[in-house]
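Below, chain A is the first sequence line, B the second, and so on; all start at residue 1. Computation of the quantities below employed the complete heavy-atom set of this structure, encompassing side-chain atoms and omitting hydrogens, waters and symmetry-equivalent molecules. Not measured: the values here are computed from a predicted model.
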Number of protein chains: 2
Amino acid sequence: MNFKDIDLVQEPNSKSSLRLWIRLLKSSRIIENKLRDKLRREFSTTMPRFDVMAALFRFEKGLKMNELSKLLMVSNGNVTGIVDRLVKDGLIVRMSVAGDRRAFEVRLTKKGHQEFSHQAQQHEAWVDEMLASFCEKDSEELLQKLDGLISALSDPSLEVKK
Amino acid sequence: MNFKDIDLVQEPNSKSSLRLWIRLLKSSRIIENKLRDKLRREFSTTMPRFDVMAALFRFEKGLKMNELSKLLMVSNGNVTGIVDRLVKDGLIVRMSVAGDRRAFEVRLTKKGHQEFSHQAQQHEAWVDEMLASFCEKDSEELLQKLDGLISALSDPSLEVKK
DNA sequence: CATATATAGTTTAAGCCTAAAGCAAAAACC
DNA sequence: GGTTTTTGCTTTAGGCTTAAACTATATATG
């Protein structure tokens, strides 16, 4: 992908909601694409793997599969596959939960913890490099606006009718 | 997916760049998930299909495969598959380009145009419904900040080193 | 002109992702 | 206690996505 051509994209004169959504999608796609590229080149890993490990890094005691899937906002079955591969690579482990023979706790292994610590540091540096110039100016405001957006989106009273 | 549980997600105290990126990703995931759901339920279609048709709707004269992939910021091979399926469904056509036997122009068929017009109207209404309450307040500012972000991201001088 | 390089697009392998169906265990109900 | 419903997770089928390899055509270069 060549990111120099992105400015070919020009939005039509639509309502502000739609324009907002298109910008939102575009900015996160740009960042996502760059990060994916870096993760692959530098660490031979992917965003979904990184995301799972990040969640487990934060919740040291471990997470159940369904907690993981809620946290990452992806489907249940999706998590199964990613976790399978991380287990195969010795980066995480499934542990049975006392009192519930259906459930698993997933945790980082020592190797996984080490590997992720290193990756996370670089990852943060990349994000910083990408956003630094923007963040000097007015990141705090954008941050707050996005928070407002997120809570508006999560407000059940506004839930799009099922 | 149950969107009522999204507020379980709480970010750690990290640098503002990282926090900004996480929020950005989260807000677009919420919207993306809701729209995917609606598109599937109402029109039995997907976001990638919708995106391709939207691009072709805007560029009535048609687009070449590589133009499409730049516009949508996805890989070349990805577009091939989506276009294949849309062609099979009679919604778009591949037309040969005079003077270049490698290239194709892709265009909406009459059926595709009709179908998309209808979908686009609903799509805009959904986005509006989701974002309306937020947009009344301060969408214009957020819009401009995202534009600033996008141009900062697209600035080659800041390009993350290959 | 002949060769080299670049461009347009497809194919492939592997992973990501969803919805829906399925399985087993737990919880609720009667 | 026995039945029903719910919950936790996996499997499946099908589509999405990428990077890399590949084919064919076009362009540049000597």
Side-chain angles (χ1 to χ4, degrees), chain A residues 1-3 5 25 28-29 32-53 62-89 94-106 162, chain B residues 1-3 5 29 32-53 62-89 94-106 162:
Chain A
M1 276 269 347
N2 187 352
F3 292 109
D5 298 307
L25 185 58
S28 46
R29 273 209 189 150
E32 215 171 334
N33 282 342
K34 291 189 185 195
L35 286 181
R36 187 205 336 280
D37 204 55
K38 287 299 248 177
L39 284 173
R40 184 182 52 82
R41 287 177 196 269
E42 307 284 329
F43 302 130
S44 301
T45 191
T46 65
M47 296 249 317
R49 287 168 66 100
F50 184 87
D51 291 345
V52 166
M53 293 180 75
L63 287 168
K64 289 199 292 179
M65 297 296 279
N66 64 50
E67 292 173 331
L68 214 35
S69 95
K70 276 177 198 162
L71 220 45
L72 305 179
M73 289 185 244
V74 298
S75 70
N76 243 331
N78 187 5
V79 175
T80 297
I82 300 168
V83 164
D84 281 350
R85 284 181 285 274
L86 287 173
V87 167
K88 210 179 59 183
D89 294 346
R94 268 188 253 244
M95 295 176 320
S96 55
V97 170
D100 191 341
R101 284 188 292 168
R102 298 166 302 176
F104 296 109
E105 291 280 351
V106 182
K162 293 272 156 71
Chain B
M1 277 273 341
N2 186 351
F3 293 108
D5 298 306
R29 274 211 187 148
E32 213 171 337
N33 282 343
K34 290 189 186 195
L35 286 180
R36 186 204 337 281
D37 204 56
K38 287 299 249 179
L39 283 173
R40 185 181 53 82
R41 285 176 197 271
E42 307 286 330
F43 301 132
S44 301
T45 191
T46 65
M47 296 248 317
R49 288 168 64 100
F50 184 87
D51 290 346
V52 165
M53 291 180 77
L63 287 167
K64 290 198 293 179
M65 297 296 279
N66 63 50
E67 292 173 330
L68 214 35
S69 94
K70 276 177 198 161
L71 220 46
L72 305 179
M73 288 185 247
V74 299
S75 69
N76 242 331
N78 187 4
V79 175
T80 298
I82 300 168
V83 163
D84 281 350
R85 285 181 284 274
L86 287 173
V87 166
K88 210 178 61 184
D89 293 346
R94 268 189 252 244
M95 295 177 319
S96 54
V97 170
D100 190 341
R101 282 188 293 166
R102 298 166 303 176
F104 296 107
E105 291 279 349
V106 182
K162 293 272 156 72

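In summary, A:Lys34 and A:Asp37 do not engage in a salt bridge, as defined by a charged side-chain N under 4.0 Å from a carboxylate O. Using a cutoff of 4.0 Å between basic side-chain nitrogens and carboxylate oxygens, A:Arg49 and A:Asp89 are scored as salt-bridged. Salt bridge annotation for A:Asp51-A:Arg36: absent, with no cationic side-chain nitrogen under 4.0 angstrom from a carboxylate oxygen.
For A:Asn66, no side-chain nitrogen or oxygen approaches OP1 or OP2 of D:dT7 to under 4.0 Å. Taking side-chain N and O atoms only, A:Arg94 has no distance below 4.0 Å to OP1 or OP2 of D:dG8. For B:Arg40 and C:dC17, the shortest distance from a side-chain N or O to OP1 or OP2 is not below 4.0 Å. A sub-4.0 Å separation between OP1 or OP2 of C:dT18 and a side-chain N or O of B:Thr46 is absent.
As rounded to whole Å, 13 Å separates atom P of C:dA8 from atom CZ of B:Phe104. What separates CZ of B:Arg29 from P of C:dC16 is a distance of 12 Å, to the nearest Å. When the C1' atom of C:dG15 is taken as reference, atom CG of A:Asp51 falls 14 Å away, rounded to whole Å. Taking atom CE of residue A:Met73 and atom C1' of nucleotide C:dC16, one finds them 17 Å apart after rounding to whole Å.
Side-chain contact between A:Met53 and A:Leu86 is present, with at least one heavy-atom pair separated by less than 4.5 Å.
With distances taken from any side-chain atom of B:Arg85 to the nucleotides D:dC16, D:dT10, D:dA19, the minimum falls on D:dC16. The side chain of B:Arg102 sits closest to C:dT7 out of C:dC16, C:dT7, D:dT18. Among C:dT18, C:dG9, C:dA26, the nucleotide with an atom closest to any side-chain atom of A:Asn78 is C:dT18. Residue B:Asp84 has its side chain nearest to C:dT11 when only C:dT11, D:dC16, D:dT25 are considered. Looking at the side chain of A:Lys64, the nearest of the listed nucleotides D:dC9, C:dC16, C:dA25 is D:dC9. Counting only heavy atoms from C-beta on, B:Met65 has its side chain closest to C:dT10 among C:dT10, D:dA26, D:dC9. When distances are taken from the side chain of B:Ser75 to each of C:dA6, D:dT10, D:dT17, the shortest belongs to D:dT17.
Mapped onto DNA chain D by nearest heavy atom, A:Gly77 and B:Gly81 fall at different nucleotides, with A:Gly77 at the one closer to the 5' end. Residue-to-nucleotide proximity on DNA chain D shows that, of A:Val79 and B:Val79, the 5′-proximal contact is made by A:Val79. For the pair A:Ile82 and A:Arg101, both in contact range of DNA chain C, the more 5′-proximal nearest nucleotide belongs to A:Ile82.
Tested against B:Leu72 for a side-chain contact (heavy atoms from CB on, under 4.5 Å), the candidates B:Val52, B:Ile82, B:Asn78 yield a single pass: B:Val52.
Residue A:Asp100 is in sugar-phosphate contact alone, with no base atom involved, counting any heavy-atom pair closer than 4.0 Å across all strands shown.
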